[in-house]
Amino acid sequence: MSICLHGVAIGGGIAIGRAHLVRQSMEDVAHYGLDPADVPAEVERFEEAIRTTRKQLEQLRSSIPENAPAELGAFLSLHVMLLSDISISGDPIDIIETQRCNAEWALKLQAELLTEQFDAIEEDYLRERKHDVLQVVERIFKNLAGHDTELGIAEDLFDDTILIAHDLSPADMVYFKDSRIAAFVTDVGGATSHTAILGRSLDLPSVIALHHGRTLIREDEWVIVDGQQGVLIINPEELVLAEYRQRQRAWLAARRKLSSIRKVSAETRDGAQIELLANIELPEQVDMARESGAAGIGLFRSEFMFLGRDTLPSEDEQYEAYRRVAEAMKGAPVTVRTMDLGADKSPRWLSHGVADNPALGLTGIRLCLAEPLMFRAQLRALLRASLHGRIRIMFPMLNALPELKQALAQLAYAKEELRDEGIAFADRIEIGAMIEIPSAALVVGSFLKQVDFVSIGTNDLIQYTLAVDRNDDAVSHLYDPVHPAVLKLIAHTIKTTHRAGKTVAVCGEMAGDARMTRLLLGMGLRRFSMDPVHVLPIKQVVRNTHLDDVVPVVGRMLRTEDPDKIADLLDQLNAEPAL
Ligand code: PEP
Ligand code: MG
């Protein structure tokens with residue numbers, strides 16, 4: 001029987017292929033009984049996984065880089081200690097023997113028991129150790145499965161493999177980038193979640209927020225993923241398959257046609273020059289950025305280099321990465337955002353405990369300032385790389401001027417250190433502030449004496465203005481880029497920055513959304529930074545726009561607080577080809 005599910009479209013066209021289910025959470029663990037004769041071998045399998053886990057943790061502990069935060073060693077020692085505890089390495093063996101079940105199931109039962117016990121603890125610090133226990137348990141699961149990857153996906157993926165997951169974290173997506181797959185879908189996630197953003201950059205058909213996809217699809221079943229419409233079809237009939245093959249060809253043809261404007265300038269009909277820049281997450285994506293025809297990198301989400309690995313990248317490793325990007329861009333701007341870790345991007349090696357509200361907790365610049373050694377290693381690497389191209393440094397998640405000043409003080413300190421060591425860096429490096437918290441948008445004027453440019457991170461700006469979690473599809477209907485409050489904050493930021501004679505870009509997903517291009521142009525925006533796959537479609541809109549037509553309509557949008565009126569005016573703005 002064929003089933004059709006609807007979710008949130010992430011893009012990337014259409015894929016037709018076979019489903020491969022990603023085992024990710026303890027919920028997905030298989031349960032099977034054993035013959036009494038097989039029990040000793042199962043116990044041995046479990047003990048082998050414990051031995052491998054111990055070896056991995058000890059190896060990690062002995063390879064901690066010098067500039068890693070002091071907590072890292074303590075954190076790994078704690079994991080080794082937990083692994084030796086009878087409740088993790090011994091009790092599951094009793095369960096295998098008494099219940100004659102597989103090792104994964106025994107470990108799952110034991111992990112659930114431990115979770116309950118930790119949840120009942122009143123003391124905060126101890127209760128938070130549950131997180132560490134679960135991380136150790138996850139590592140044992142991985143070793144039981146014999147997979148190298150954190151995702152627990154098979155290694156022999158084929159080009160038509162479609163990954164079906166309940167959820168994928170940004171770190172999972174980093175693992176993913178080298179896999180040969182045709183598409184991916186998830187049950188949860190919001191359109192501007194980091195998983196979605198990275199999925200978009202992989203340029204694979206993808207749909208998220210399918211709710212029950214993972215439970216309805218069986219391994220190896222044929223599926224169609226339509227990343228344009230946000231549709232997943234399980235077990236399609238011949239007629240439907242033929243229709244989608246036709247759509248796939250049409251999509252590819254439309255894409256080829258767009259490439260004819262790759263070399264022409266991004267200029268409006270009335271001659272305004274617009275700068276289209278690329279967002280990248282990893283140094284390897286610099287080639288995609290160049291091929292897209294972008295005028296530079298407007299946002300390098302450097303923290304992705306810190307995810308999906310067991311240790312902190314050293315200063316030298318970071319230097320090589322920034323240098324590679326700077327050189328590849330041949331003098332075009334490379335705007336590196338300093339690590340925006342925390343919330344949904346928390347590496348395993350960085351333990352600050354589990355916060356009740358991670359998105360309001362120790363993230364972005366807050367975490368950088370709390371980990372000055374880690375932060376300075378990155379700043380030093382960036383300064384050193386500045387000799388090889390036009391590196392610009394930008395600070396994320398600022399909330400007020402004192403934070404910006406502290407970040408600048410760390411930068412001055414890093415410069416001082418390098419000078420003392422006789423290490424050269426560029427004389428002039430542009431510095432920017434990200435505006436992604438409403439407070440920062442409202443006081444942007446106070447930042448402008450300290451920085452050369454600002455960049456508006458609309459993904460977070462919308463999340464924090466509207467109090468809508470960008471990762472949670474249960475509230476995605478409330479996540480509204482054209483909410484009047486959001487429009488006012490963006491317009492205020494653009495106007496105030498231009499008045500001070502500085503430059504401003506938008507680097508959130510709004511910049512790559514063709515429906516928002518004329519709105520942003522009408523607010524005066526001249527720099528857009530987006531996923532490389534969006535550069536040509538946005539250029540096409542820019543080239544079809546007359547600013548004189550757009551500005552008065554946007555003026556009306558900014559004067560009203562009525563969402564229906566705003567929606568009507570947005571439609572009017574996007575009426576093709578002229579207004
Ligand atoms: C944003 O918040 O809009 C942004 C560009 O940063 P990120 O999406 O990585 O949080
Ligand atoms: Mg952000």
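In each ligand, atom 1 is the first atom listed, and ligand 1 is the first ligand listed.
- Here Leu277 contributes atom CG and Thr335 contributes atom OG1; the two are 6.5 Å apart, rounded to the nearest 0.5 Å.
- Here the CG atom belonging to Leu461 is positioned 10.0 Å from the CE atom belonging to Met434, to the nearest 0.5 angstrom.
- For Arg262, there are no salt bridge (Lys or Arg N to Asp or Glu O under 4.0 Å) partners at least two apart in sequence or on another chain.
- Arg376 has no carboxylate O lying under 4.0 Å from a charged side-chain N of Glu315, or vice versa, which leaves the two without a salt bridge.
- Protein residues lining ligand 1, listed by chain and number: His194, Ile197, Leu299, Arg301, Arg337, Lys345, Met434, Glu436, Gly457, Thr458, Asn459, Asp460, Arg470, Cys507, Gly508 [non-hydrogen atoms, distance under 4.0 Å].
- Ion pairing between Glu320 and Arg324 fails under the 4.0 Å rule for side-chain N and carboxylate O.
- Put simply, Glu436 gets within reach of the Mg ion (ligand 2), with an N, O or S atom under 2.8 Å from it.
- A salt bridge between Arg301 and Asp340 is absent, with no side-chain N of the basic residue lying under 4.0 Å from a carboxylate O of the acidic one.
- Of all N/O/S atoms in Asp460, OD2 sits nearest the Mg ion (ligand 2).
- Checked for salt-bridge contact, Asp316 and Arg380 miss the test: no charged N lies under 4.0 Å from a carboxylate O.
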